[in-house]
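Let me begin by presenting the structure, written as structure tokens, before commenting on it.
What you see is a predicted model; the values in this text were computed from it and never measured.
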Amino acid sequence: MTETARYQTLLSPLRAGRHELRNRVIMGSMHTRLETAPDGLERQIAFYQERARGEAAIIVTGGFAPNAEGRFDLEGPRLDHAEAARELTPICDAVHQEGSLICAQICHAGRYAKFEGCVAPSPIRAPINRFTPREMTEADIHRTIADFAEAAANAQAAGFDGVEIMGSEGYLINEFTVLHTNHRKDDWGGSAENRHRFPVEIVRAVRERCGPQLLIIYRISVADLVEDGAPAGEIAALARRLEAAGADILNSGIGWHEARVPTIAYPVPRAAWRKATARVKAAVSIPVVASNRINTPEIAEDILASGDADLISMARPLLADPHFARKLREGRADEINPCIACNQACLDFIFSEKTVSCLVNPRAGHETEFRETPSDHPRKIAVVGGGAAGMAAAAEAARLGHRVTLFEASDRLGGQLNLARAAPGKDEFDGTLRYYAGQLKKYGVVLRLGHRAEVEDLTGFDHVVIATGVTPRIPDLPGIDHPKVVTYAEILSGARQAGKSVVVMGAGGIGHDVAEFLAVDPDEARKEEGFFASWGVDSRFETAGALAGDPLAPLPAQRQILMLQRKTAKQGAGLGVSTGWILRNSLRKHGVEGISGVTYERVDDAGLHILVDGALRIIAADTIVLCTGQESERSLAEALASRGIAATMIGGAEEAAELDALRAIDEGVRLAQSF
Ligand code: NAP
Ligand code: SF4
């Protein structure tokens with residue numbers, strides 16, 4: 001079977017409303033913060049155009065509020081003024097130039113808006129917001145419906161082909177549809193028909209105002225994952241009402257922002273929510289979009305071919321690789337750089353008020369900063385170290401036309417990624433490793449695996465890049481060489497096994513990953529049924545909110561685990577905003593305990609001796625795992641310097657503190673761009 005035949009459904013066109021879609025790939029809406037960046041318009045044009053060049057059939061923008069009270073925060077972008085909307089015309093033009101359609105998402109934040117005066121169907125504060133919303137009056141409701149229609153008309157006049165009306169994730173419209181947040185006694189609350197009136201009237205008003213040409217996508221919540229969320233019957237009924245009101249496409253939204261169930265991060269199995277979408281598809285005759293954790297063409301094709309959905313929404317996967325659809329059409333599926341669902345440079349950046357980017361693709365959101373044309377002065381470059389930083393530097397330099405040799409002391413590429421991939425769900429890094437191995441081959445990088453580069457190997461190059469990475473830090477402690485002490489690298493690589501009772505020294509990112517690796521049954525972590533059962537999700541998606549139990553209920557652990565740190569701060573405080581809570585909850589569910597503010601004294605046959613609040617304690621563990629940070633591996637750099645050979649250090653070799661794949665890849669790509 002040819003590559004393109006393998007993905008024939010995914011690559012096939014589809015009629016939706018008055019529009020012909022070039023294939024079944026939709027770029028899902030994402031908050032980018034580019035709108036409010038100083039050079040925001042230029043960056044947005046480049047960002048969206050790149051994804052259109054990559055042949056996504058429809059690009060959906062980040063959310064625009066239909067009015068002032070619907071903004072996410074006081075800076076949030078809005079579409080309530082025709083003139084301001086027209087400033088977006090160059091974005092539409094750029095996308096159209098590449099043959100794709102573009103839709104503006106209209107999202108009213110409702111009770112998630114982060115300011116005084118936010119509104120909701122009922123005055124119930126969201127657990128993730130400190131502001132209590134004001135209950136909307138009947139007049140507010142009618143005005144807001146009109147505001148959605150006005151915003152859609154503004155988008156249409158600016159050149160957008162359509163709009164996506166955001167009806168999921170716990171924003172205002174979703175707050176109307178479920179009993180969790182709608183306690184109204186008037187025509188907008190009570191029965192399902194009444195609770196559905198607000199979204200249905202919005203779709204009807206948009207259609208009436210904008211006519212048949214405007215593509216209307218409605219993002220319906222197919223699994224709220226909150227108590228008193230919608231049961232399957234109500235979701236199907238809402239879908240039918242939206243179709244009748246004039247929606248052209250139904251997109252799937254999964255889980256409210258306040259849900260205690262992971263919905264998109266790496267612990268969620270791929271395509272876990274497809275059956276929730278399939279239920280909506282069975283209820284309507286308009287196209288339905290599957291979403292969340294669909295990051296490979298194989299899984300996307302399978303969803304379409306099995307009839308679970310008609311289109312696939314990819315938001316993060318098109319950050320990771322904007323040319324996803326184009327590569328498929330060109331028979332280059334193996335060149336796709338897959339999203340690893342880490343959330344580190346997309347969601348976590350957005351939550352920390354940075355503009356969006358991507359761990360595996362530092363260009364994302366920064367398209368204007370990178371050049372794509374080959375170098376005018378090809379050079380001979382040696383890269384030492386085949387971890388994330390070294391692979392990224394070598395692949396990018398070779399792509400730009402330089403002659404690159406990559407030295408790696410071990411017999412395989414990947415460095416720390418080979419360890420990171422062992423943590424539950426982090427085997428997504430395998431896709432990154434495959435991608436880089438393919439790129440190095442494609443661009444003719446000479447690979448010297450199993451070869452520890454010496455100074456003599458590195459003469460005769462125009463430039464040497466040192467990406468020799470890190471080694472685990474061994475604390476200076478009496479008895480640290482005791483046989484029960486192992487490093488995180490030995491545990492994650494499988495070189496050493498842990499006993500039934502374990503002490504993890506160091507509660508940083510790696511300490512948490514190691515604890516998860518040792519606590520969780522791999523079947524529970526990797527299999528869909530195990531995931532649903534452990535987070536209290538109804539795998540049939542029938543119950544209210546698709547919940548079948550307490551997402552935080554205790555679970556059996558593989559081992560007894562205690563995590564220690566010297567700081568008195570809460571353990572795991574430095575983990576990613578959008579994934580840290582998942583890890584912390586998972587460890588708690590598996591009975592992992594922690595003590596902060598400890599002083600390490602020594603290790604002996606009795607165990608690890610520590611001081612806590614001035615009192616001596618002996619922890620009698622079978623295994624003590626060192627997750628106590630890393631040291632830079634710089635011996636080569638020092639030897640080169642003594643011989644006067646200029647070299648640039650990147651990644652962990654340059655600075656071990658807070659080294660992660662995000663910084664490593666970014667530094668590698670940016671250095672290669674500078675040659
Ligand atoms: P880290 O997060 O900085 O944690 C290192 C831990 O070692 C700290 O908890 C520190 O805590 C302890 N420590 C440092 N020096 C020590 C010493 N001499 N003796 C005893 N304890 C010592 O680094 P990491 O866990 O090695 O992770 C490396 C990087 O990868 C970090 O940037 C991390 O954020 C990232 N990462 C993130 C994740 C994730 O978010 N899930 C997963 C893996 C890695 P005390 O000093 O308080 O004891
Ligand atoms: Fe995917 Fe991580 Fe990139 Fe976000 S940062 S798009 S989750 S790979």
Backbone of Thr628 reached by a side-chain donor or acceptor of Arg473 within 3.5 Å = yes
When you check the side-chain N and O atoms of Arg274 and Asn292, is any donor under 3.5 Å from an acceptor?
-> no
Determine, for Phe349 and Lys354, whether the Lys NZ or Arg CZ falls below 6.0 Å from the six-membered ring centre while staying within 45 degrees of the axis.
-> yes
Decide, yes or no, whether a salt bridge links Arg670 with Asp666 under the criterion of side-chain N to carboxylate O below 4.0 Å.
-> yes
Is the closest basic N to carboxylate O distance between Glu428 and Arg270 below 4.0 Å?
-> yes
Answer yes if the side chains of Asp224 and His180 hold a donor-acceptor pair under 3.5 Å, and no otherwise.
-> no
Can Lys442 and Glu335 be counted as an ion pair, charged N to O under 4.0 angstrom?
-> yes
Short side-chain donor-acceptor distance under 3.5 Å, Thr568 and Ser596 | no
So, Thr599 versus Glu601: side-chain donor-acceptor pair below 3.5 Å or not?
-> no
Ignoring hydrogens and angles, state whether a donor on the side chain of Ser586 or Glu516 is under 3.5 Å from an acceptor on the partner side chain.
-> yes
Do you see a donor-acceptor pair shorter than 3.5 Å between the side chains of Tyr112 and Glu258?
-> yes
With sequence neighbours left out, what residues match Arg279 under salt bridge (Lys or Arg N to Asp or Glu O under 4.0 Å)?
-> Glu542
Separation of Lys426 NZ from Thr432 OG1 (nearest 0.5 Å) | 11.5 Å
Going by an N to O cut-off under 4.0 Å, is there a salt bridge joining Asp622 and Lys484?
-> no
Side chains of Ser578 and Asp348: donor-acceptor distance under 3.5 Å anywhere?
-> yes
